[in-house]
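Take a look at the structure set out below.
Protein chains get the first letters and strands the later ones, always in sequence-line order, with residue 1 at the start of each.
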2 protein chains.
Amino acid sequence: MPMRGDLPQLLIKTGLDLLDEEGTEGLTLRRIAARAGVSHAAPAHHFNGLPGLRTAIATQGFRSFLHELVSARDALPPDADPFLCLLAVNQAYIRFSRRRTALFRLMFDQLPTEDNDLRQAALAAYAILQDHWTPFVGDRHPASFETAIWALTHGFAALSMDRPYPPDTPVNLSSYEDALRLLVG
Amino acid sequence: MPMRGDLPQLLIKTGLDLLDEEGTEGLTLRRIAARAGVSHAAPAHHFNGLPGLRTAIATQGFRSFLHELVSARDALPPDADPFLCLLAVNQAYIRFSRRRTALFRLMFDQLPTEDNDLRQAALAAYAILQDHWTPFVGDRHPASFETAIWALTHGFAALSMDRPYPPDTPVNLSSYEDALRLLVG
DNA sequence: CGATTGGCTTTACACTGTCAAGTTGAGTGA
DNA sequence: TCACTCAACTTGACAGTGTAAAGCCAATCG
């Protein structure tokens, strides 16, 4: 495998930059290649064409996602209120979707892909989420509660990415906090 | 060459078909043109390039969306239980996202576009949703409750489109019903 | 009748992903 | 030392894409 410089990793990083800077349509094999200083066909040689590179980028995206969730958790004191922990981690989820919209969209678009690395990275991030809402299950059906709280968070993230759905209401994080309280309370 | 029925509407309908049959990447100006039996540049002449055609298709999508929500409501007897109405309409929301995934994605991708027709179509659909959850606001903060129930529904729709997020758990509609009950109860 | 205009076609161009073939260069074995 | 190998690229070509400019042509209008 590539000892020298590790071009695949450089291509993934370049793709992430391109995604953040220019959005979804900026992610192109040839642009990544040009920015990485290699020939236009080099990326396709290391990944399985554009789809392969996209899942590789999405996988790295889930790892960054995990890192931000963990950071949000570790920023609180170890004896913090469980609800504050839950809120902090879920707000990190939502902030990620707003700050890295194109990447967030790519990640969840690529999720159906049956790629092992992608699955593992996504599951690792999901495990962090699970850890924080399990204390609130109570006597409710665990699967339903899990579905509820996760769909609430993801839905809020998806809808507040670029704009609110009903263009009048400004979706803000405090209204998410209220909604979360409704659910766990 | 279509004598009757204006070409723009035919192009939109062709685009919707193409989207349903071949997914997002099947939606192409040239393919739409070919299927509609016109030259490859005809679509760009009536809409503002591909972006314009996409928002036009998304707008029509929101109109179909509205129609399905209304149909779900009208399928119940007029004296039906409010929760059953709410559930039926929201399940229609979710079914739409599963049955017409590519269109659903396009609709919410194009939503940020500052297009008046698109806004109006999206708001009309949203109004139907609002009608059904307002009876359950109770003494809660209306905006937060609205956010909660709508984010829950949209999140569930988004996550169950192609796949479950944690690839193990099969997201099904009955778990959504439970989640909805948790929220409105 | 000639001019105009709107609907569409034709042509051209830059850009995309992908494939096949070529190049290069660092290792490897005898 | 000297071919040989083989993976990492490069080069070149091709079909498909959106878009812009120009052309065509029937209907309309003054």
Rounded off to whole Å, could you give me the CG-to-P distance for the L10(B) and dG7(C) pair? 15 Å
Whole-Å distance, L7(B) CG to dG7(C) P, equals 10 Å
Give a yes or no on this: more than 12 heavy atoms of other residues, nucleotides or ligands lie within 6.0 Å of atom CG of D139(B). no
N/O donor to acceptor pairs below 3.5 angstrom from side-chain atoms of residues 9-25 of chain A, sequence neighbours left out:
| residue | atom | partner | partner atom | Å |
| --- | --- | --- | --- | --- |
| K13(A) | NZ | D17(A) | OD1 | 3.3 |
| K13(A) | NZ | D17(A) | OD2 | 3.4 |
| T14(A) | OG1 | L10(A) | O | 2.7 |
| D20(A) | OD1 | R100(A) | NE | 3.4 |
| D20(A) | OD2 | R100(A) | NE | 3.3 |
| D20(A) | OD2 | R100(A) | NH2 | 2.7 |
| E21(A) | OE1 | R35(A) | NH1 | 3.2 |
| E21(A) | OE1 | R35(A) | NH2 | 3.0 |
| E21(A) | OE2 | R35(A) | NH1 | 3.2 |
| E22(A) | OE1 | R31(A) | NH2 | 2.3 |
| E22(A) | OE2 | R31(A) | NH2 | 3.4 |

With a 4.0 Å limit, can you tell me whether H46(A) has a side-chain N or O closer than that to the phosphate oxygens OP1/OP2 of dA8(D)? no
Would you mind classifying the nucleic acid contact of P8(B) as base, sugar-phosphate or nothing, using non-hydrogen atoms under 4.0 angstrom? nothing
Let me know the distance between CZ of R54(A) and P of dT18(C), rounded to the nearest Å. 11 Å
Aromatic contact, F104(A) with H154(A) (centres under 6.0 Å): yes
Quick tally for nucleotides 10-16 of chain D: nucleotides whose base has a protein heavy atom under 4.0 Å get B, sugar-phosphate-only ones S, the rest -, giving BBBB---
Let me know the distance between CG of D6(B) and P of dG7(C), rounded to the nearest Å. 10 Å
Is there a path of hydrophobic side-chain contacts, each under 4.5 Å between heavy atoms, that joins L84(B) and W133(B)? no
E146(B) vs H141(B) side-chain heavy atoms within contact, under 4.5 Å: no
At under 4.0 Å between heavy atoms, what does P43(A) touch on the DNA or RNA strands: base, sugar-phosphate, or nothing? nothing
Between CG of L27(A) and P of dG17(C) the distance, given in whole Å, is 8 Å
Given atom CG of L18(B) and atom C1' of dT17(D), what is their separation to the nearest angstrom? 14 Å
Side-chain donor or acceptor of D115(A) paired with backbone N/O of D117(A) under 3.5 Å: yes
Please report, rounded to the nearest Å, how far the P atom of dG7(C) is from the CD atom of Q9(B). 15 Å
Euclidean distance, atom CZ of residue F47(B) to atom C1' of dC8(C) [Å, nearest integer]: 14 Å
Show your working on side-chain contact (heavy atoms from CB on, under 4.5 Å) between Y176(B) and N90(B) and close with a plain yes or no. CA-CA 10 Å; Y176(B) 169 75; N90(B) 285 10; 3.0 Å; yes
